[in-house]
Each structure stands twice: as structure tokens, then as C-alpha cells.
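First the structure, in the form of C-alpha cells, and then the observations on it.
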Amino acid sequence: MAKPGAALTESNVQTACPLDCPDACTLDVTLRSGRITKIDGSKDNHITNGYICAKVRTFHERVYGDDRLLYPAVRRGAKGTGQFKRVTWDDALALIAEKMQHARDTAGAETILPLCYGGSNGFMTQDYADAILFRRLGTSRLLRTVCAAPTGAANLGLYGKMASVSYEDYPSAKLIIIWGVNPGVSGIHLMPFLKEARDNGAYVVVLDPRATTVARQADLHLAVRPGTDLPVALALHRYLFEEGFADQAFLEQHTNGAADLRKKAEPWTFERAAQTSGIDAGQLRGLAERYAKASPALVKCGWGLERNRNGGSAAAAVLALPAVAGKFGVRGGGFSMSNSASWNIDRTWLADTEPKTRAINMNKVGRVLTEPEGTPVNVLFVYNCNPVAILPDQRRVIRGFEREDLFTVVFDQVMTDSAMYADVVLPATTFLEHYDFARGYGPITLQLGRPVIDAVGESRPNSDVFLDLSRRLELSVEGDPEDDLESMLAVLNHLPEKVGNDLRENWTARPPHDGRPVQFVDVFPNTADRRVDLFPPALDTQAPMGLYGYQPDPGTAEFPLALISPASDRTISSTLGELPRPEVRLEMHPDDAAARGVEEGDRLRLWNALGEVRIKAHLTHLLRPGTVAMPKGLWRRNTTNGYTSNALSPDSLSDLGGGACFNDARVQVERVMK
Ligand SMILES: Nc1nc2c(c(=O)[nH]1)N[C@H]1C(S)=C(S)[C@@H](COP(=O)(O)OP(=O)(O)OC[C@H]3O[C@@H](n4cnc5c(=O)[nH]c(N)nc54)[C@H](O)[C@@H]3O)O[C@H]1N2
Ligand SMILES: Nc1nc2c(c(=O)[nH]1)N[C@H]1C(S)=C(S)[C@@H](COP(=O)(O)OP(=O)(O)OC[C@H]3O[C@@H](n4cnc5c(=O)[nH]c(N)nc54)[C@H](O)[C@@H]3O)O[C@H]1N2
Ligand code: SF4
Ligand SMILES: [Mo]
């Protein structure tokens with residue numbers, strides 16, 4: 001029993017947020033008798049600056065919530081009905097080990113598929129103990145492509161993932177183009193820096209089919225049709241080349257492939273690009289003229305522009321702009337995108353070398369489970385991921401998860417839509433209950449997060465569980481860590497010495513170049529010849545129409561509306577989706593509604609060849625006509641018929657990186673009578 005007075009003891013502990021968000025906030029957690037009573041932003045981190053998002057401020061509602069998984073359980077009823085029976089960890093892990101062993105000894109370990117993604121971005125929860133287990137076992141590999149694959153492929157091809165402009169340097173820019181990204185929701189700590197830039201007189205341009213908060217505050221908003229950024233960017237290149245604004249000296253000294261890019265841009269006049277993307281040609285020309293002349297000029301490339309068939313080439317064309325226009329070499333000039341590679345931390349040491357087993361693109365999981373070509377997947381181990389909610393072609397994914405002969409483990413913190421289909425459910429700790437390394441991918445920061453409370457229920461950290469399974473499968477070797485704490489120390493010891501020492505002393509590491517690299521002063525392309533490759537042959541071969549080759553809109557007369565599913569302020573992807581939220585509605589422009597006799601609050605049927613969603617209408621001018629929107633990360637409980645936008649998104653792949661085409665969903669909408 002607690003000592004008298006203990007209940008009155010309040011303490012504060014600092015940790016870091018490792019969720020899949022660019023900002024990686026430093027958190028101040030208030031505890032009372034070992035329970036979290038408050039989570040807020042720390043002042044010690046100048047990016048966090050004393051505030052955090054509402055999602056994490058109420059994260060303890062998830063930690064102690066009704067949906068929290070408290071103990072391991074095995075399935076009782078039919079798949080998907082969510083009936084489970086509590087078992088011990090020992091029984092659960094023995095069963096999983098036996099199934100994996102059996103799979104390996106009979107049809108081969110490639111019939112096992114680890115399915116994970118961005119539940120936490122930390123070094124501990126992914127690619128460490130899990131990699132030890134799955135690599136030694138020789139399972140199928142997963143191509144993690146639902147996010148950042150096209151932008152990542154473009155950045156790697158052109159710049160070898162050079163570090164980019166960080167939040168702190170936005171105020172130095174005189175022109176800022178915010179391209180397919182919505183920082184008012186998806187990276188809120190950029191907003192004060194943007195405001196400072198505007199106060200300093202910066203001209204801000206936003207390209208987004210929706211009038212987001214940043215778009216409404218901008219000097220120019222170009223509401224492009226989803227999937228048409230490539231022609232827009234190529235029209236800018238055409239202007240730069242044709243009108244003498246291409247920086248020939250820079251192109252000669254620092255780049256390859258400019259002539260090939262120029263050739264691809266050639267057909268895209270302002271008029272043609274404007275017509276394709278549904279914007280005003282005069283405004284596009286105005287942007288080109290300003291960009292050509294402004295300095296420092298910054299292009300922020302987001303992820304909204306990548307989630308379609310042209311996403312890779314679009315990102316490449318956007319990233320190529322500062323090279324062609326000669327915008328590097330000054331603070332606040334150049335480009336800004338994911339900064340996750342800025343630490344140059346090589347993680348290949350983390351576990352054994354990856355075996356050359358087959359690789360499965362995660363966008364195709366529904367198909368792989370239901371229509372296997374060759375070796376089937378018979379054992380699925382889901383962690384850090386909620387595939388039933390977040391993968392494209394949701395109905396096919398669900399059919400896969402329903403397979404009676406599939407043995408599915410779901411290791412998660414709450415009873416997700418995916419966990420409902422599990423044969424074994426394992427309870428995971430949250431970042432408030434385990435160690436993790438939180439690396440920002442907006443600002444260049446790296447922090448060590450610590451457990452601030454004891455594990456809730458019988459939940460265990462990923463590292464603990466994967467190491468335990470490795471021991472059971474006799475895959476452990478001398479020197480492997482035993483548990484979460486030892487894993488954290490092992491990771492710490494493998495980091496570059498200075499980074500490790502900083503983290504040991506301060507829980508936070510001093511970033512290279514003070515976290516504010518100036519491109520082509522402090523950092524240069526990590527390509528083989530240290531030059532920008534404006535036309536990498538490997539990307540040209542990969543893209544179906546060649547690099548910078550535009551693929552037309554997939555819409556048809558039958559399914560004319562583009563359905564997009566941007567990040568919302570309620571969830572991080574589907575994380576926190578178990579908590580109550582106001583009724584979710586389909587956003588549509590009043591003109592599209594009027595054409596279908598739809599009024600505010602009407603019940604709708606939204607469908608295409610892949611599926612159907614039942615949801616109510618919300619009419620808004622904050623969206624271009626022809627485009628409709630539903631939030632990303634919805635749970636099945638958020639719609640009337642239990643399907644989300646992913647029931648309508650195709651499992652086709654983007655031109656580069658095998659990325660997801662969530663925003664290539666084309667649909668029709670009609671009003672339904674009760
Ligand atoms: N609150 C919150 N924050 C998050 C997340 C979250 O779910 N919630 N998710 C995190 C993750 S995993 C990621 S990857 C990032 C994503 O962060 P963002 O890059 O902001 O990604 P999205 O919200 O998908 O899309 C951004 C914007 O692009 C627009 N858009 C859609 N299609 C197109 C297009 O074809 N062209 C252009 N130009 N714009 C388009 C959308 O309307 C949207 O406003 O945010 C992270 N931060
Ligand atoms: N329609 C549509 N779908 C999309 C997108 C879109 O734009 N439109 N965007 C995509 C994007 S950007 C992304 S990044 C993906 C994200 O998709 P996912 O990677 O699946 O991310 P979440 O939906 O947040 O689910 C992560 C799960 O991991 C669990 N988790 C968190 N930490 C841990 C841990 O330490 N251990 C274990 N075992 N589990 C943990 C969480 O509880 C949560 O259930 O979704 C994609 N899906
Ligand atoms: S989700 Fe993003 S904004 Fe919210 S606390 Fe975490 S890092 Fe900060
Ligand atoms: Mo993402």
C-alpha cells in the first residue's frame with residue numbers, strides 16, 4: 001500500500017514524442033502516485049516551445065482507456081468478431097513460436113510476413129529486436145511503401161537524401177512555396193516560423209486542392225487537381241530554362257541531367273499545365289516570375305503530392321527547382337522535406353544483414369493474402385501498424401485477414417480494426433512506458449525517451465517480446481541484449497560516439513550544423529559524384545512513362561470525383577482513432593453537391609468498382625470542385641457501413657518507389673434515402 005501522503009506527491013518527468021510526426025516534441029509529463037495526470041510541451045526544446053498538439057496532450061486517455069490491451073489473448077469466435085480469451089504471455093509466445101517453427105520447417109520461413117510501419121518512429125520499436133528475429137528466421141521482407149516512398153526515391157535519386165532547410169531557417173526566406181503539405185495539422189511547430197517569415201515580408205504560396213489554414217493565410221493559393229503537380233512543376237522549369245533564369249553556372253558545376261529535364265519540361269506551357277491542373281495560367285506565370293527572382297527562395301515538399309500515380313516524378317520535379325533556379329547557398333534558400341536522413345546515422349549495424357528473401361510491397365498485402373503468386377503467406381505478424389485501417393483496397397485486405405488458414409498475430413496497444421482479426425493479440429507498451437529514440441524529420445533533432453510510468457496491465461515493449469521470441473526459436477546469439485533496457489543501451493552504444501555521449505548526458509543530441517544546415521554551404525548531395533542528378537537513369541527506367549512523364553487522371557465519366565484522405569488533427573494516421581470524435585463527414589464542394597441534389601448532413605453512398613462507403617455530407621467551399629475528402633486514419637466504427645476511404649483506394653503503385661496511390665481513388669457520390 002502507498003505510504004500516507006504519497007497520493008499528494010506530484011512529479012514531472014521529461015520524455016520525447018516518437019510518434020510518426022515531423023516535430024518530435026519534448027514532453028513534460030506530470031505524475032501523481034505513478035499515474036499520468038497531464039502531458040504538455042517542454043520549454044527546453046525550442047521547437048516544442050512549451051506546447052504540443054491536442055492529440056498527445058490527451059494521450060493518457062489512450063494509455064488508461066477502455067480499448068487498451070492489457071493481456072495476451074487468443075481468438076475464440078470467428079475471425080473479425082473480436083472474441084478473445086485471456087492467456088499467459090508464456091502460452092501466447094509458445095504458440096507463436098510453434099507456428100513460426102512449423103512454417104519454417106514445412107513451407108519455409110518466407111511464408112511468414114512481418115507487417116509493420118510507422119506506429120512509432122523510434123529506433124527501438126522498429127528495425128532492432130524485430131530485425132534480429134525476422135532476419136535470422138529468414139522471413140519474407142516488407143517494402144515499407146505506404147508513405148514517403150515516392151518522395152524518398154526522388155530525394156535519394158536527385159540528392160542522395162541531402163539534409164534540407166529546417167524550421168528555424170524559414171524566417172530567412174523571402175519566398176516560400178508550401179507544396180502538398182498541411183503543417184497547420186501535420187507538423188504544427190512549423191507554423192510560428194512561417195508566421196515569422198510572413199512578418200518579415202515573405203511571399204507565401206500554397207499548392208493544395210484544399211484551402212487549408214496555411215493556404216488561407218498565403219499570398220497565393222493554387223488549388224491544383226490531385227495528382228497534377230508534375231505538369232505544374234515542369235511548367236516552372238520550362239519558364240526558367242526558356243526565359244534565361246536557369247542558373248547555368250550552378251547547373252554546370254553541380255548537376256547532371258539538366259538537358260534531359262529541360263526536354264521533359266518543354267511541352268508544358270503555362271496554359272497546358274494550368275488546364276491539366278485546373279488552375280489559372282496567369283497565376284502560375286506569376287509564381288514562376290516571382291520564384292525566378294526571389295532570394296532566399298524555399299520550396300517545402302510535402303507528402304500530399306506523392307500519394308498518386310505521378311507522385312515520384314512530381315516530387316523530383318519540385319526538388320529540382322532550386323537546382324535549376326540557383327536557389328542554394330543562402331540561409332533559407334533551397335528545399336525542405338523529410339530530414340530523417342540528416343543525422344547520417346547508418347542503421348545497418350543494428351542487426352544481422354538482411355537476407356535476400358522475397359520482398360513484398362505492403363500496398364499489395366490484400367492481393368498477396370488473397371491471390372498469392374508462388375509462395376503464400378501463412379503467418380502474419382502485425383506490429384506498429386493497423387493494416388485493416390490504413391492499407392489501400394481495404395475490402396481485399398479484410399478478405400485476406402479473414403482467411404481461416406492464415407495465422408495472424410497482432411501486437412498493439414489497443415484493440416485496433418486489425419487486432420479484431422488476430423489469432424493471437426499481444427499487448428504493447430506505449431512510448432510513455434518504454435525507452436525509445438525520437439528523431440524529428442522536420443527539425444533536425446534526436447532525443448532519448450524514457451518510461452515515465454510502469455507498463456499498463458501486462459503490456460510489454462517490442463524489444464522485450466521480439467528478443468523473447470528469438471530465444472524461444474533458438475535464434476539468439478552471444479551478446480544479444482536481454483530486454484528493453486539492454487536494447488536501449490546497445491543502440492546507444494552503436495550510435496556515433498558524440499551523439500551517444502550527448503544522449504547519455506542530456507537525453508538530447510546536438511545536431512550537425514546546429515540543426516540548421518545551409519544547402520551547398522554546409523551540406524552537399526550524398527550522390528556518388530556529389531552532384532545533383534536531375535535525371536537519374538535508375539528513376540527514368542522505373543517510371544512507367546519515364547521520369548517526369550505525366551500519367552493522366554484515372555477518373556472516368558462513371559467515377560469523376562477525386563477522393564483524397566489527408567491527415568487530420570484527431571489522429572496520427574489511425575493512432576488514437578479508438579477515442580471518441582465528432583461524426584466524420586465527407587467534405588464536398590457545394591457545386592458537386594448541388595449537381596447531385598445533396599444537402600448538408602444528407603446520407604451518402606460513395607462508391608467505385610472497389611467498394612462503397614456510407615457517410616454523411618459536409619458542404620464546404622474549402623475544397624476545389626471535383627475533389628472530395630475524408631480524413632486519413634479513420635477506423636471502421638467511423639462510418640455507417642464499416643468501410644473507410646481505403647475501401648475505395650486502389651492498390652496501384654506510384655511511378656517511383658512503389659508508393660501508395662491513396663489519392664488516386666476516383667468515386668461517384670449519391671444521396672441515399674433512409
Ligand atoms: N495531426 C496529424 N499529424 C500528422 C499525421 C496525422 O495523421 N495527423 N501524419 C503524419 C504522417 S504519417 C505524415 S506522412 C505527415 C503527412 O503530412 P502532409 O504532407 O501534410 O500530408 P497529407 O495530410 O497527406 O497531405 C498534405 C496536403 O496535401 C493535399 N493534397 C492531396 N493531394 C494532393 C496533390 O495531389 N497535390 C497537392 N499539391 N496537394 C495534395 C491535401 O489536401 C493536404 O492538405 O504528417 C504527419 N503528421
Ligand atoms: N487513405 C489513406 N490511407 C493512408 C494514408 C493516406 O494518406 N490516406 N497515409 C498513409 C501514411 S502517411 C502512413 S504513415 C500510414 C500509417 O499507417 P500505420 O503505420 O499503420 O500507422 P497507424 O495507423 O498509426 O498504426 C500504428 C499502430 O501501431 C501501434 N503502435 C504504436 N507504437 C507501438 C509499439 O511500440 N509497439 C507496437 N507493437 N505497436 C505500436 C499503434 O497503437 C497503432 O495501432 O498510413 C497510410 N494510410
Ligand atoms: S504528435 Fe507531433 S505535435 Fe504532437 S506531441 Fe508528438 S511530435 Fe509534438
Ligand atoms: Mo506517413
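Sequential numbering from 1 along the given sequence is applied to the chain's residues. For ligands, and for the atoms within them, numbers begin at 1 and follow the listed sequence.
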So which bit of [X] gets within less than 4.0 Å of ligand 1, heavy atoms only: side chain, backbone, both or neither?
{"X": "Y117", "result": "neither"}
{"X": "V185", "result": "both"}
{"X": "I564", "result": "side chain"}
{"X": "T571", "result": "backbone"}

Residue and atom, protein N/O/S, under 2.8 Å of atom 4 (Fe) of ligand 3: C53 SG
T212 neighbourhood, listing ligand 1 atoms whose heavy-atom distance to it stays under 4.0 Å: 44 (O)
Run the side-chain donor-acceptor check on residues 307-319: report pairs under 3.5 Å with partners two or more places apart or on a different chain.
| unit_1 | atom_1 | unit_2 | atom_2 | d |
| --- | --- | --- | --- | --- |
| N308 | OD1 | N310 | N | 2.8 |
| N308 | OD1 | G311 | N | 3.1 |
| N308 | ND2 | L305 | O | 3.0 |
| R309 | NE | Q551 | O | 2.9 |
| R309 | NE | P552 | O | 2.9 |
| R309 | NH1 | D664 | OD1 | 2.6 |
| N310 | OD1 | Q551 | N | 2.8 |
| N310 | ND2 | G227 | O | 3.1 |
| N310 | ND2 | Q551 | O | 2.9 |
| S313 | OG | Y548 | N | 3.0 |
| S313 | OG | D655 | OD2 | 2.8 |

Results of salt bridge (charged side-chain N to carboxylate O under 4.0 Å, His left out) for R238 - residues two or more places apart only: none
Parallel, tilted or perpendicular, as decided by the 30° and 60° cut-offs, for the rings of Y441 and W303: perpendicular
Parallel, tilted or perpendicular: rings of F437 and F123 (30°, 60°): parallel
Min N/O separation G304 to ligand 1 under 3.5 Å: yes
Close N or O approach (G302, ligand 1; < 3.5 Å): no
Set of side-chain contact (heavy atoms from CB on, under 4.5 Å) partners for A211, sequence neighbours left out: R216, H221, L622
